[in-house]
Amino acid sequence: MRLFDADISNSVLCFLKSKKNSMATIEEANQLLQRECGVKDFFASNSELLQLVEELNSTYSYVACESNVEYGDYQTNQNLATQITNKLKNKGLSPKVVVEPTCGKGHFILAVLNTFDDVEKIYGIEIQKKYFWQAKFNVLDFYINNPDKKKTEIHIINSNIFDYNYQPIKNSIEGKELLIIGNPPWVTNSELSAMDSKNLPQKSNFKQHNGLDAMTGKGNFDIAEYITIDLLKNFGHYKGNMAFLVKNTVIKNIVYGIPKLQLPISNLQKQNIDSKKEFDVSVEAALFLCQLNKKTEFTCQESNFYNSEIKCNFGWKNNKFMSILSADNDIDGESPFVWRQGVKHDCSKVMELEYDGTSYSNKLGECFSLEEKLVYPLLKSSDLKATIAKQTRKMTIVTQKFVGQDTSYIKNCPLTFEYLNKHINLFQMRKSRIYKGKCNFSIFGIGDYSFKPYKIAISGLYKTFHFCLVKPQNNKPVMLDDTCYFIGFDTLEQAEYIWNLLNTDIVKNLLKSISFDDAKRMITKDILMRIDLKKVAHRIDYKPCFFDNIGKKEKMQLSLFD
């Protein structure tokens with residue numbers, strides 16, 4: 001049966017039916033239910049009590065639940081929740097106050113009640129009304145089936161965590177040991193924005209990125225990361241612990257942000273779980289543990305949740321962020337070349353083309369003719385597996401030579417101008433804020449560097465450390481898409497020299513020690529900019545025989561390696 005759109009057990013149904021005559025007023029009902037299960041203010045209004053009584057007098061069948069994608073809803077199963085609380089108890093934890101900021105159906109609350117005998121207060125916060133009721137009914141069911149269990153004062157609050165005022169909870173702690181536990185939403189702010197969701201923090205750029213970073217990749221973040229950091233800021237100075245199930249990227253980002261945030265936490269642990277087994281999702285996730293009110297530590301131990309096997313430690317070492325702290329990082333420094341991301345247009349149906357020698361075609365199934373002037377060969381991440389990129393599968397239209405260039409000149413290429421205007425609605429539908437107020441057909445990731453004839457490129461998506469040499473095709477420079485990173489050169493000799501340095505084992509070992517294989521993008525510009533090629537050259541004492549024969553401009557750049 002369902003009450004308030006929440007599932008209830010037969011024991012709860014029978015209990016409520018047997019007690020409904022003792023719940024004539026809201027005061028009587030709330031007092032009765034608090035005695036029975038510890039939940040304060042079970043009913044917030046007379047209308048809720050009347051609705052309950054009315055529904056108890058009717059027969060309801062189960063109905064299909066709506067999708068909860070908007071809330072990043074992956075409910076923790078009861079077995080996993082209990083495994084976590086048992087782990088915490090075995091570590092010696094004995095919390096007096098427990099906070100679960102996104103309590104869902106209350107599985108962590110039940111695990112806490114079943115594991116810890118001395119908990120005095122529990123606070124569960126939940127935005128979805130049906131889960132708010134589900135949690136209360138589940139607690140009632142727990143005490144009906146465990147009548148000898150000590151009653152704990154339980155507050156289950158229907159509220160958006162982003163608007164909730166923690167002060168009442170802070171007032172109740174007063175030196176008592178705190179446990180913050182739960183499974184915050186596994187969804188990002190950009191995913192919610194795409195659904196026009198209102199379930200967002202008011203200030204989405206909470207990392208305070210500037211300019212373009214705030215509008216592109218670096219402006220995106222996991223809602224769980226926001227919630228975790230917000231809780232650590234609010235409760236970090238209280239005695240206690242945190243135990244959160246979150247995506248691996250959230251833990252990495254929190255550890256990365258510790259120096260800036262100066263969070264008073266220590267004994268950081270990342271215990272990897274099998275998300276497919278526990279949640280039936282293909283997401284890398286873990287249990288994040290830390291102690292509150294401690295001297296700030298900047299490293300985190302990674303292990304297996306199920307057998308406690310330690311994998312490695314990651315975090316900060318000598319002011320450098322490392323995925324493997326024990327690795328040799330003597331070439332970890334600053335790249336003498338600026339790594340660039342490929343062309344970003346967010347309109348692949350129109351901008352990415354194939355050419356059969358006579359006409360072009362797009363992903364819409366259209367065939368057409370274009371002037372060659374604005375069409376360039378294109379490589380994507382999947383094309384960079386080769387040692388040398390000898391042939392491209394795709395072509396792309398390059399509408400600007402630098403960001404912000406006026407695109408009205410395209411009228412001088414009437415076929416191209418007509419083609420682009422035919423699909424102008426698709427350009428106008430691009431969701432990213434970077435295109436707002438820009439010229440028609442604007443692109444990003446474009447500049448003088450894009451038109452260098454020789455490039456060294458690497459995929460940001462694949463779990464490899466392979467650098468591909470890219471040569472011009474049909475006397476045109478090859479473009480990379482925005483899943484790739486590259487550096488450009490004017491001569492083949494210079495490109496080959498740097499390419500050989502980048503494909504050495506010492507560079508691969510460095511990249512292994514500063515990248516995370518569970519990240520959405522294992523390779524980023526920030527990582528590539530840490531390769532000190534001057535140190536690499538000195539380590540391997542590599543100078544090609546053609547060095548003395550190259551031009552003055554290239555010699556000036558290569559003098560960095562002397």
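Heads up: numbering here begins at 1 and tracks the sequence. Quick note: numbers below take in every heavy atom, side chains included, and nothing from hydrogens, waters or symmetry partners.
- Looking at Gln262, its side chain does come within 3.5 Å of a backbone N or O of Pro259 through a donor-acceptor pair.
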Candidate pair Gln34 and Asn30, rule side-chain hydrogen bond (donor to acceptor under 3.5 Å, both in side chains), full reasoning:
CA-CA 6 Å; Gln34 186 170 352; Asn30 282 342; over 6 Å; no

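- The local environment of NZ in Lys20 is crowded, with over 12 non-hydrogen atoms from other residues, nucleotides or ligands closer than 6.0 Å.
- A donor-acceptor contact shorter than 3.5 Å is absent between the side chain of Glu302 and the backbone of Phe314.
- Seen from the ring of Phe427, Lys438 does not count as a face-on cation partner, given the 6.0 Å and 45° thresholds.
- Under the side chain to side chain contact (heavy atoms under 4.5 Å, CB included) test applied with Phe288, the options Met242, Gln269, Gln271, Lys247 reduce to a single match, Met242.
- Relative ring orientation between Phe235 and Tyr238 is described as tilted, the plane-to-plane angle lying within the 30° to 60° band.
- Glu352 places a side-chain heavy atom less than 4.5 Å from the side chain of His345.
- In terms of modelled atom types and a separation under 3.5 Å, the side chain of Glu153 and the main chain of Lys121 share no donor-acceptor contact.
- Between Tyr143 and Arg35 there is no side-chain heavy-atom pair separated by less than 4.5 Å.
- Phe516 has its ring centre less than 6.0 Å from the ring centre of Phe321.
- With Glu126 contributing its side chain and Gln128 its backbone, the two residues share a donor-acceptor pair below 3.5 Å.
- When side chains are defined from C-beta on, Val246 does not count as touching Asp222, because their heavy atoms never get closer than 4.5 Å.
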Going through the distances and angles, do Lys96 and Glu120 end up as a salt bridge (Lys or Arg N to Asp or Glu O under 4.0 Å)?
CA-CA 5 Å; Lys96 296 296 185 289; Glu120 297 173 5; 5.7 Å; no

Checking side-chain hydrogen bond (donor to acceptor under 3.5 Å, both in side chains) for the pair Asp526/Thr524: CA distance, chi angles, key distance, verdict?
CA-CA 5 Å; Asp526 290 342; Thr524 64; 5.0 Å; no

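- Residues Phe244 and Ile254 are not in side-chain contact: their nearest non-hydrogen atoms beyond the backbone lie 4.5 Å or more apart.
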Side chain to side chain contact (heavy atoms under 4.5 Å, CB included), that's the test. Do Val139 and Leu110 meet it? Break it down for me.
CA-CA 7 Å; Val139 170; Leu110 300 181; 4.2 Å; yes

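- Here CG of Leu268 is found 10.5 Å from CG of Asn313. Values are rounded to the nearest 0.5 Å.
- A donor-acceptor distance shorter than 3.5 angstrom exists from the side chain of Ser323 to the backbone of Ser513, with no hydrogens or angles considered.
- Two residues are said to be in side-chain contact when any heavy atoms from C-beta on lie closer than 4.5 Å; Asp117 and Lys150 fail this criterion.
- Other residues, nucleotides and ligands place no more than 12 heavy atoms under 6.0 Å from the CG atom of Asn319.
- Using a 4.5 Å cut-off on side-chain heavy atoms (C-beta onward), Ser432 and Phe444 make no contact.
- The closest donor-acceptor contact from the side chain of Lys270 to the backbone of Ile251 lies at 3.5 Å or more, if one exists at all.
- Both the sub-6.0 Å distance and the 45° axial angle are satisfied by Lys277 relative to the ring of Tyr306.
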Would you sort out whether Arg2 and Asp5 count as a salt bridge (Lys or Arg N to Asp or Glu O under 4.0 Å), showing the intermediate values?
CA-CA 5 Å; Arg2 297 177 73 85; Asp5 203 30; 3.2 Å; yes

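- Between Ser275 and Trp186 there is a side-chain heavy-atom pair separated by less than 4.5 Å.
- Heavy atoms from other residues, nucleotides or ligands lying under 6.0 Å from NZ of Lys349 number 12 at most.
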List the steps, then state whether side chain to side chain contact (heavy atoms under 4.5 Å, CB included) holds for Ile157 with Ile169.
CA-CA 12 Å; Ile157 302 148; Ile169 299 177; 5.6 Å; no

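- Cation-pi check for Lys136 over Phe42 is met; the charged atom lies under 6.0 angstrom from the ring centroid and within 45 degrees of its normal.
- No donor-acceptor distance shorter than 3.5 angstrom exists from the side chain of Lys520 to the backbone of Thr249, with no hydrogens or angles considered.
- Other residues, nucleotides and ligands contribute more than 12 heavy atoms inside 6.0 Å of the NZ atom of Lys320.
- Looking only at distances, a side-chain donor or acceptor of Asn145 sits under 3.5 Å from a matching main-chain atom of Asp141.
- The main-chain N or O of Lys294 is never found under 3.5 Å from a side-chain atom of Ser266 such that the two would form a donor-acceptor pair.
- Atom CD of Glu309 has 12 or fewer heavy atoms from other residues, nucleotides or ligands within 6.0 Å.
- The number of heavy-atom neighbours closer than 6.0 Å to OH of Tyr164, taken from other residues, nucleotides and ligands shown, is above 12.
- Two rings, from Trp316 and Phe298, have their centers 6.0 Å or more apart.
- Of the N and O atoms on the side chains of Asn138 and Lys105, not one donor lies less than 3.5 Å from an acceptor on the other residue.
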Which is it for Asp332 and Lys317 under the salt bridge (Lys or Arg N to Asp or Glu O under 4.0 Å) test, yes or no, and what are the steps along the way?
CA-CA 11 Å; Asp332 188 353; Lys317 176 182 177 182; over 6 Å; no

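- In this structure a side-chain-to-backbone donor-acceptor pair under 3.5 Å is missing from Thr152 to Ile154.
- Considering only heavy atoms from C-beta on, Phe162 stays 4.5 Å or farther from Asp230 through its side chain.
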Could you go step by step and tell me if Asn267 and Glu297 meet the side-chain hydrogen bond (donor to acceptor under 3.5 Å, both in side chains) rule?
CA-CA 7 Å; Asn267 193 21; Glu297 292 183 358; over 6 Å; no

